[in-house]
Protein chains: 2
Amino acid sequence: MAQTGLAGKRSYHQYCGLASALDVLGERWTLLIIRELLMGPRRYGELLADLPGIGTNLLADRLKFLVDSGVLRQVDVHGTGGRLSYELTPTGQALRPMVLGLAHWGLEFVGDLKAEDTVRPHWGFLAVEAMFQWDKISPIDESYQFQVDDEVFRIDVAGGVPRVAKGPSENAAMVATTDAATFVRIGAGRVTPLMAMVGGQLKLEGDIDAVLRCCELLGLDAGAAPAAQAVSGH
Amino acid sequence: MAQTGLAGKRSYHQYCGLASALDVLGERWTLLIIRELLMGPRRYGELLADLPGIGTNLLADRLKFLVDSGVLRQVDVHGTGGRLSYELTPTGQALRPMVLGLAHWGLEFVGDLKAEDTVRPHWGFLAVEAMFQWDKISPIDESYQFQVDDEVFRIDVAGGVPRVAKGPSENAAMVATTDAATFVRIGAGRVTPLMAMVGGQLKLEGDIDAVLRCCELLGLDAGAAPAAQAVSGH
DNA sequence: CCGCATCCGAATAGATACTG
DNA sequence: CAGTATCTATTCGGATGCGG
């Protein structure tokens, strides 16, 4: 169901893959909808709650267009009382590396948390997947668990391959507990894990070597950091 | 100069890497400007010519904002008579994999060439870089040359690493000659190289084995197959 | 309530004329 | 050539309405 083009829609009218991609994805809110669905199917109301400011008509329009374009489909997720959810088709799933790449790239531009900013735990967790240092993955099989506000995620490293997932780990080698804003700030390099711990926004439990391996996996400077001097005063 | 935010600009106000990225890149035309600059510095007038429909005010606004954001900079390219060009900063260059990925993804959505569509040779060539099959690169060092309308590009394979570049190759193992629309159509899988040759839109010269290696590098079905996907109307 | 459709003021985009 | 300035068209954002 590709090349829909839904008559009347604005288009760049360029015979080019990028222009065609942007004819589908380039409008406001569209890629943020994709972001929400990268972690699994969601219902209309859930999307509305995690996209503050979108306006109900725009969300409905975008969902309809993306379904027509073959990027999303509607599914009946077991246990949601027969109400339909939206999920990515294989074509939509193929956007994962580009969306994650953009999420990682954009961390350079996140500033201080302002009063009007919203935060969600799973936004930070998306960036985690984009931060993997594929050349520095330890051969040890283990899991790291992250309690971010009221949501729980984990990284499972198995056979040299890390994977992110929702929910707790049965036997985590490390458990991190923090709030969503701190989680994003650490990913953006605006604060180091050590700085966040000293400030009381991050709690780390478990094997100290597992903590260090987790930091290395994510390319994070575990503790040292630009603030080394500031902290040494203690 | 990150986290500029240029006061008054519309923002998603989400504390999230993707939302921040889209606050910088998400407006209309912006990623197409990045696309143009991925192949080297360009001047205002050149950008205007390759972005039909943009309007002079929008191009000026976008360029100014991207320079302020640290994605672009102005440079004096030798030989352009002291007039300034725009080029990507390292931050902007970091977008290459995501932009190429989107260009490749979007090939699924390019339809038939319509009367109002514009085409440029270098648009097709951008996708070429995104089509490399990194697991199927031959160990043979050689170059493939592409004459697309009035522009010439090449792929240099050296030490198992392919690289794209502008301009002719001194000793090409294969030379392909075609028009821009056919070039895009082949990349999109709407036509095979063999079909284009039979139709007279593509001419291939040089070593037949080099031609096959080039097709394999790009994941193209050299000739066989009526291409099952080619005629999926609706 | 949830899942939209409609309406309207505000913000963006497009087209064109103009300037250093 | 490289942009401004200005005006019109389109899209967005927020409020409201409505059927199930």
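Chain naming here is simple, since letters A, B, ... match the order of the sequence lines and numbering starts at 1 in each.
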Please determine if A/Arg120 and A/Asp149 form a salt bridge, counting it only when a charged side-chain N lies under 4.0 Å from a carboxylate O.
->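 Not counted as a salt bridge, because no side-chain N and carboxylate O are separated by less than 4.0 Å.
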Hey, what's the ring geometry for [X] with [Y], parallel, tilted or perpendicular (30° and 60° as the breaks)?
X        : Y        : answer
A/Trp105 : A/Phe109 : tilted
B/Tyr12  : A/Trp29  : perpendicular
B/Phe153 : B/Phe125 : parallel

Short side-chain to backbone donor-acceptor contact, [X] and [Y], under 3.5 Å:
X        : Y        : result
B/Arg154 : B/Lys166 : yes
A/Lys9   : A/Asp23  : yes
B/Arg190 : B/Val184 : no
A/Glu27  : A/Leu25  : no

Hey, which of these two, A/Tyr12 or A/Leu63, hits DNA chain C nearer its 5' end, going by closest nucleotide?
->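 By nearest-heavy-atom nucleotide position, the 5'-most residue is A/Leu63.
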Quick check on [N]: is either OP1 or OP2 less than 4.0 Å from any side-chain nitrogen or oxygen of [X]?
X       : N      : answer
B/Arg28 : D/dT11 : no
B/Arg83 : D/dA2  : yes
B/Tyr86 : D/dG3  : yes
A/Arg62 : D/dC12 : yes
A/Trp29 : D/dG13 : yes
B/Lys64 : D/dT4  : yes

Rounded distance (Å) that lies between atom [atom2] of [N] and atom [atom1] of [X]:
X       : N      : atom1 : atom2 : answer
A/His13 : C/dA13 : NE2   : P     : 17 Å
A/Leu48 : C/dC2  : CG    : P     : 9 Å
B/Lys9  : C/dA13 : NZ    : C1'   : 14 Å
B/Arg10 : D/dG14 : CZ    : P     : 10 Å
A/Asp61 : C/dG3  : CG    : C1'   : 13 Å
B/Ile33 : D/dG3  : CD1   : P     : 12 Å
A/Leu59 : D/dG14 : CG    : P     : 14 Å
A/Arg42 : C/dG3  : CZ    : P     : 12 Å

Decide yes or no for A/Val152 and A/Phe146: does some side-chain heavy atom of the first lie under 4.5 Å from some side-chain heavy atom of the second?
->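 In short, these two side chains do not touch, never coming nearer than 4.5 Å.
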Step by step, would you call B/Val77 with B/Arg43 a side chain to side chain contact (heavy atoms under 4.5 Å, CB included)?
-> CA-CA 9 Å; B/Val77 175; B/Arg43 291 204 315 257; over 6 Å; no
Enumerate the protein-to-nucleotides 7-10 of chain C contacts in which both atoms are nitrogen or oxygen and the separation is below 3.5 Å.
none

Heteroatom pairs (N/O) under 3.5 angstrom, protein to nucleotides 16-20 of chain D:
none

